[in-house]
There are 2 protein chains.
Amino acid sequence: MPGTPKTAAAGTASRILDVAERLVQVRGFNGFSYAHVARELNVTTASLHYHFASKAELGEALIERYSERFAGSLAEIDRRPAAAPAKLEAYSELYADELRGRRMCLCGVLAAEYETLPPPMREAIVRFFDLNEEWLAGVLEQGRRERTLAFAGSARTAARMIVSGLEGAMLVARPYGDLSRYKAAAAALLGSLADGPR
Amino acid sequence: MPGTPKTAAAGTASRILDVAERLVQVRGFNGFSYAHVARELNVTTASLHYHFASKAELGEALIERYSERFAGSLAEIDRRPAAAPAKLEAYSELYADELRGRRMCLCGVLAAEYETLPPPMREAIVRFFDLNEEWLAGVLEQGRRERTLAFAGSARTAARMIVSGLEGAMLVARPYGDLSRYKAAAAALLGSLADGPR
DNA sequence: GTCTATAGGCAGATAGAC
DNA sequence: GTCTATCTGCCTATAGAC
């Protein structure tokens, strides 16, 4: 791996990751190539290989950066106190933002190609889902304490339902090119957890 | 397209579809090749091209056959009277069966690669989701009439939530190699629609 | 219908000049 | 760090013999 660029500003590696990330989110890991990235950045594929020796390494770096950025967004939500339903809404909005760029969750796309991916990428994908699940479980427990959320079973199971549900909502909404499909599915899913009389 | 085989029994085209279907469900459309299929069937790729001139045509045939088989399964559920919750459970079990073979819904996988697919395949994928949604909306309306199901909003919206939720549950469960993840998410999702006191 | 042979393209990756 | 040039392999697809 080449040395970290001196400035924190967008170095070449970072710009490569930006383009590759979008391509994977839109086309999948087996649907993009070094040539695609190189063309958009007006460099050669040989240059890309200097920064990321193999496609597998590039893939790992993509998931790692994506996960860290996502964890940062979750931390941002936690930064100021809010009721659990508002936190869930903010969480749902993180994925809605992806969809606005006709992208879906990076790890959701990769999950569909899971069997074709090298083990390090596989493990990083699972860690991403674990991260989502853990954060959600915390919010759900908060909601149960606050009596703003009500659900049967464990917070962990409910968290898994939310992760699955939103990943699927992105997956299905995209062919329709319709953000409102995602929003409606997310609202129905999260609404089913709201406490209160029917 | 070559003439239909004389017997209704598994002709060559049918066996090609069987292998290709599994490969796509496990590896994705961009993750399998004619060579993979040919190897498993002990034929050459040239032979495959006789039955399906292009990969795009093969892809269309895959979705078409999958959709028809799926529609048949739904009709089978409808064949004998049952309460709406039991029908939803049977529906969920159709997808659980895919997961038992480490597959996921064909159209769910293809949705992840949607942007890379030829237009005829795209349209067939959307039709598959429409089919699911329509059938589910009917069951949900039945449940509302029977008072066995309760949900806010339209049956159509709830149907979309279910399609999304189960597609996502398959997507996420597979990396964990854990059917129970799917089952738990599906149960939580469908359970949230059950009528009755909390 | 299935084969051999092959075309033509694109993939990921490397060597070595600058 | 980026380039030119190139390698090797796999891909989809076709021509034509059997």
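Quantities reported herein were computed from a predicted structural model and do not represent experimental measurements. Every chain is numbered from 1, with letters handed out A, B, ... down the list of sequences.
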Does A:Tyr50 place a side-chain N or O at less than 4.0 Å from the phosphate oxygens OP1/OP2 of D:dG1? yes
Under a 3.5 Å distance rule, please check whether B:Tyr182 uses its side chain to pair with a backbone N or O of B:Ser92 as donor and acceptor. yes
In whole angstrom, give the distance that lies between atom CD of A:Glu57 and atom C1' of C:dG12. 13 Å
D:dT14 OP1/OP2 closer than 4.0 Å to side-chain N/O of B:Ser54: no
Between B:Ser154 and B:Thr157, is the side-chain hydrogen bond (donor to acceptor under 3.5 Å, both in side chains) condition met? List the steps. CA-CA 5 Å; B:Ser154 70; B:Thr157 298; 3.0 Å; yes
Side chain of B:Ala46 (C-beta onward), nearest among D:dT12, C:dA13, D:dA15: D:dA15
Atom-pair distance (CD1 on B:Ile16; C1' on C:dG1), nearest Å: 10 Å
Counting just side-chain N and O atoms, does A:Thr44 come under 4.0 Å of either OP1 or OP2 of D:dT2? no
Considering only D:dA13, D:dT2, C:dA13, which nucleotide approaches the side chain of A:His49 most closely? C:dA13
Over-ring placement of B:Arg27 relative to B:Phe32, 6.0 Å and 45° cut-offs: no
Separation of D:dG1 atom P from A:Arg15 atom CZ, nearest Å, is 11 Å
Verify, without hydrogens or angle tests, whether A:Ser73 (side chain) and A:Arg69 (backbone) share a donor-acceptor contact under 3.5 angstrom. yes
Greater than 12 external heavy atoms within 6.0 Å of B:Arg102's CZ: no
Side-chain donor or acceptor of B:Glu113 paired with backbone N/O of B:Phe29 under 3.5 Å: yes
A:Phe128 and A:Phe70: CA distance, side-chain angles, deciding distance, ring-ring contact (aromatic ring centres under 6.0 Å, His included) verdict: CA-CA 9 Å; A:Phe128 175 80; A:Phe70 199 84; 5.2 Å; yes
Is any NZ, NE, NH1 or NH2 atom of the basic residue among A:Asp97 and A:Arg103 found under 4.0 Å from an Asp or Glu carboxylate oxygen of the other? no
Between P of D:dT4 and CG of A:Leu48, the distance in whole Å: 13 Å
Go through residues 58-66 of chain B and report each residue with a non-hydrogen atom lying under 4.0 Å from DNA chain C, sorted by number. none
Checking contacts here: which listed nucleotide (D:dC3, D:dA13, C:dT2) is nearest the side-chain heavy atoms of B:Tyr34? D:dA13
Rounded to whole Å, please give me the gap between NE2 in A:His36 and P in C:dC10. 9 Å
Is B:His51 near enough to C:dT2 that one of its side-chain N or O atoms lies under 4.0 angstrom from OP1 or OP2? yes
Heavy-atom contacts under 4.0 Å between residues 26-33 of chain A and DNA chain C, which residues? A:Phe32, A:Ser33
Under 3.5 Å donor-acceptor, A:Ser164 side chain and A:Arg160 backbone: yes
